[in-house]
Visitor: 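Could you have a look at this structure, given as structure tokens, before my questions?
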Amino acid sequence: MGTTHTAAAVCRLGDSTREAEIAVVAPSLLQLTDAGSFAVGDVDPGGWTAWGFSRRVGDAVPLVLGPETCSAEELTALMIMWIAGQVMAREGVPAQHVAVAHPVGWGPYRRGLLHQALRQVGIDNATLLPEPVAAAENHAARDRVPVGSTLAVYSMGSHAFSCSLVRRTPGRTFEVLSGVDTVDHHAGTDFDDALGTLIRGKLGKGANEVSALECGKAKTVLSHAPHVDIRGVTITRAEFAEEIRPAVEHSVQTLVRTVGDTKLDAVLLVGGAVRVPAIPDALAAALDCRILAEAAPETSVVKGAALAARLLVEGPEEEPEPPTTSVMARSDDLSLRFPVGEIVTHDQEITAPPPRPPVDITPLDLPERSSVKRVVRGLKPAGARRSTHDDDDDEDSR
């Protein structure tokens, strides 16, 4: 769920060779109509519209939509329920599992609230995973990532920026080592404003206001063209890069501080704003590793979430064992070749090891073994609300 758009991707079970495919893309807008029903993406002057609510999950201040008061997690769950319904209508069957990607800064409190809201709207088979983990899963589906490899994820969308470090674990999954999820950094809409400033400066006083839509289209053109012509003036890519250079350098230095002394294997670019060439150029100059991005970086997270859902249902695939051979080196010099076959030894060359000293073994009184039912009864249900006594160890409680 992004601030601007919400997307869903699907994976086919039983066919790990197929990549995830985008199924639904919709504006992240919920509107309460006069009839009391919610509509997605429709902006009606007679209704009340909410947007950006997914970033406010855990905020105690509710959103007021006309006569209704809704929490951010309730609206987020309604949006996910609508998306899941659209996928079911497209596929003809409900999803066997649903994976929801969330910002890297979410702790157990926010995840618990969203889990509870999802169950209230009938989505019980849901797993929440951090966005950088989903992006790494999408990358691992196309490029082999050995166990222990560390990846940095640089994510910039229309309204948010985050950077994270993830590492490949032996269980064929990824874990988050560190992450920064901020709202004080510039993002895609700020780049649009900077481009609008350039255009207005060349048009001069008295010119009509440049719309956000015009700036967004011009920014898209500059991502693959050296210049763009708009309203009779020309803006070059170099001029645009210089205008946004302080904002880009700020985000890159944030990633550099997050990486620290960690050795990186690659940096993954995620989000629609990373199409701006100034971002990968600045990252390449600051970090000595590969800078990788998909053709559509705004879909990396949602595709990775679908791949993670398939992995949860089917389990990880076994990696093939590396081939072994008796010959480890080849050379024309016979003395440099390793022996192949049985090694012949003589009995007199092998001496028996000295006898071990006696060891006194004292029996231990082991506690009574707990049954599985006793252990399960002691567990708390996942996603339940935290009590007020648990607030001290919750990084999201205030």
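Since the model is a prediction, treat every value here as computed from it, not as a measurement. Just the heavy atoms: all of them, side chains too, but no hydrogens, waters or symmetry mates, feed the values below.
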Visitor: Apply the test side-chain contact (heavy atoms from CB on, under 4.5 Å) to residues V153 and L269: give CA-CA distance (whole Å), side-chain angles for both, the deciding distance (0.1 Å), then the verdict.
Guide: CA-CA 6 Å; V153 180; L269 300 183; over 6 Å; no

Visitor: Can you measure from CG (D124) to CZ (R119) and round to the nearest 0.5 angstrom?
Guide: 7.5 Å

Visitor: Would you name the heavy atoms of P132 and S164 that are closest together and state the gap between them?
Guide: CG-OG, 3.5 Å

Visitor: Does L292 belong to the same Ile/Leu/Val/Met/Phe/Trp/Tyr cluster as L307, with side-chain heavy atoms less than 4.5 Å apart forming each link?
Guide: no

Visitor: In this structure, would V252 and V180 fall into the same cluster of hydrophobic residues linked by side-chain contacts under 4.5 Å?
Guide: no

Visitor: E243 and L195: side-chain contact (heavy atoms from CB on, under 4.5 Å), yes or no, with the steps?
Guide: CA-CA 8 Å; E243 187 72 18; L195 188 55; over 6 Å; no

Visitor: When you group the ILVMFWY residues by side-chain heavy-atom contacts below 4.5 Å and let the links chain together, are W51 and V25 in the same group?
Guide: no

Visitor: Linking I/L/V/M/F/W/Y whenever their side-chain heavy atoms sit closer than 4.5 Å, directly or via other members, would F38 and L118 fall into one cluster?
Guide: yes

Visitor: Give every residue pair that meets the side-chain hydrogen bond (donor to acceptor under 3.5 Å, both in side chains) criterion with at least one member in residues 133-142, sequence neighbours excluded.
Guide: N138-E294, R142-E294

Visitor: Using every non-hydrogen atom in the two residues, find where A306 and A20 come nearest and quote the distance to one decimal.
Guide: CB-CB, 4.1 Å

Visitor: Taking the side chain as everything from C-beta on, heavy atoms only, tell me whether E131 gets closer than 4.5 Å to V104.
Guide: no

Visitor: Should V10 and R90 count as side-chain neighbours, where that means a heavy-atom distance under 4.5 Å?
Guide: yes

Visitor: Apply the test side-chain contact (heavy atoms from CB on, under 4.5 Å) to residues V61 and R56: give CA-CA distance (whole Å), side-chain angles for both, the deciding distance (0.1 Å), then the verdict.
Guide: CA-CA 9 Å; V61 179; R56 290 187 53 188; 3.9 Å; yes

Visitor: Side chains of R55 and M1: does their closest heavy-atom pair fall under 4.5 Å?
Guide: no

Visitor: side-chain hydrogen bond (donor to acceptor under 3.5 Å, both in side chains): which pairs involve residues 257-266, sequence neighbours left out?
Guide: T254-R257

Visitor: Measure the spacing between CG of L65 and CH2 of W48 and express it to the nearest 0.5 Å.
Guide: 9.0 Å

Visitor: Please give me the minimum heavy-atom distance between V248 and A278, naming the atom from each residue.
Guide: CG1-O, 3.9 Å

Visitor: Assess whether atom CD of E91 is packed by more than 12 heavy atoms of other residues, nucleotides or ligands within 6.0 Å.
Guide: yes

Visitor: Under a 4.0 Å N-O cut-off, is there an ion pair linking E314 with R12?
Guide: no

Visitor: With respect to R168, which candidate in T150, V145, L151, T173 satisfies the side-chain contact (heavy atoms from CB on, under 4.5 Å) definition?
Guide: V145

Visitor: Consider side-chain contact (heavy atoms from CB on, under 4.5 Å). Of L165, V267, L177, which one does V259 pass it with?
Guide: L165

Visitor: Indicate yes or no for a side-chain donor-acceptor contact from N125 to the backbone of A95 under 3.5 Å, with no hydrogens or angles considered.
Guide: yes

Visitor: Measuring only between side-chain heavy atoms, which start at C-beta, is S162 closer than 4.5 Å to S155?
Guide: yes

Visitor: Listing request: all side-chain hydrogen bond (donor to acceptor under 3.5 Å, both in side chains) pairs with a residue in residues 269-282, at least two apart in sequence or in separate chains.
Guide: R275-E298

Visitor: Kindly determine whether V228 and T234 satisfy side-chain contact (heavy atoms from CB on, under 4.5 Å), including the steps that lead there.
Guide: CA-CA 6 Å; V228 62; T234 299; over 6 Å; no

Visitor: Over all heavy atoms of both residues, which pair between L75 and A50 is shortest? Give the atoms and the distance, please.
Guide: CD1-CB, 4.0 Å

Visitor: Is any side-chain heavy atom of L30 closer than 4.5 Å to a side-chain heavy atom of T49?
Guide: no

Visitor: Are the side chain of T69 and the backbone of V64 linked by a donor-acceptor contact shorter than 3.5 Å?
Guide: no

Visitor: How close do C215 and V210 get, counting heavy atoms only, and between which atoms?
Guide: SG-CG1, 3.6 Å

Visitor: Whether R200 and E209 form a salt bridge (side-chain N of Lys/Arg under 4.0 Å from carboxylate O of Asp/Glu) is what I want to check.
Guide: yes

Visitor: For the residue pair T169 / E175, report whether a side-chain donor-acceptor contact shorter than 3.5 Å exists.
Guide: no

Visitor: If you measure from CG on L198 to CD1 on I235, what distance do you get to the nearest 0.5 Å?
Guide: 5.0 Å

Visitor: For the pair S28 (side chain) and H5 (backbone), establish whether a donor and an acceptor sit closer than 3.5 Å, ignoring hydrogens and angles.
Guide: yes

Visitor: Does a donor on one side chain and an acceptor on the other come within less than 3.5 Å for T189 and S158?
Guide: no

Visitor: Tell me every residue that passes side chain to side chain contact (heavy atoms under 4.5 Å, CB included) with L312, counting only those two or more places apart in sequence or in another chain.
Guide: H97, T127

Visitor: Tell me, do T299 and V302 make a side-chain contact under 4.5 Å, heavy atoms counted?
Guide: yes

Visitor: State, yes or no, whether a side-chain contact exists between P246 and E249 at a heavy-atom distance under 4.5 Å.
Guide: no

Visitor: A99 and A309: which non-hydrogen atoms are nearest, and at how many Å?
Guide: CB-CB, 3.9 Å

Visitor: Do the side-chain N and O atoms of S251 and Y154 include a donor-acceptor pair separated by under 3.5 angstrom?
Guide: yes

Visitor: With rounding to the nearest 0.5 Å, note down the distance linking NE2 in H227 to CZ in R237.
Guide: 10.5 Å

Visitor: CG/L222 to CD/E239 distance, rounded to the nearest 0.5 angstrom?
Guide: 9.5 Å

Visitor: Could you tell me which residues satisfy salt bridge (charged side-chain N to carboxylate O under 4.0 Å, His left out) with D143, sequence neighbours excluded, listed by chain and number?
Guide: R290

Visitor: Hydrophobic clusters here meaning ILVMFWY residues chained together by side-chain heavy-atom distances under 4.5 Å, can you tell me if I279 and V256 are in one?
Guide: yes

Visitor: With rounding to the nearest 0.5 angstrom, report the CZ to NZ distance, F191 to K219.
Guide: 7.5 Å

Visitor: Walk me through whether E73 and R110 qualify under salt bridge (Lys or Arg N to Asp or Glu O under 4.0 Å).
Guide: CA-CA 8 Å; E73 53 268 19; R110 291 181 178 178; over 6 Å; no

Visitor: Taking C-beta and beyond as the side chain, do T236 and P226 meet within less than 4.5 Å on heavy atoms?
Guide: no

Visitor: Is a side-chain donor or acceptor of E214 paired with a backbone partner of S211 at a separation under 3.5 angstrom?
Guide: yes

Visitor: Distance-only criterion, 3.5 Å: show the donor-acceptor pairs between side-chain atoms of residues 77-86 and protein atoms not counting sequence neighbours.
Guide:
none

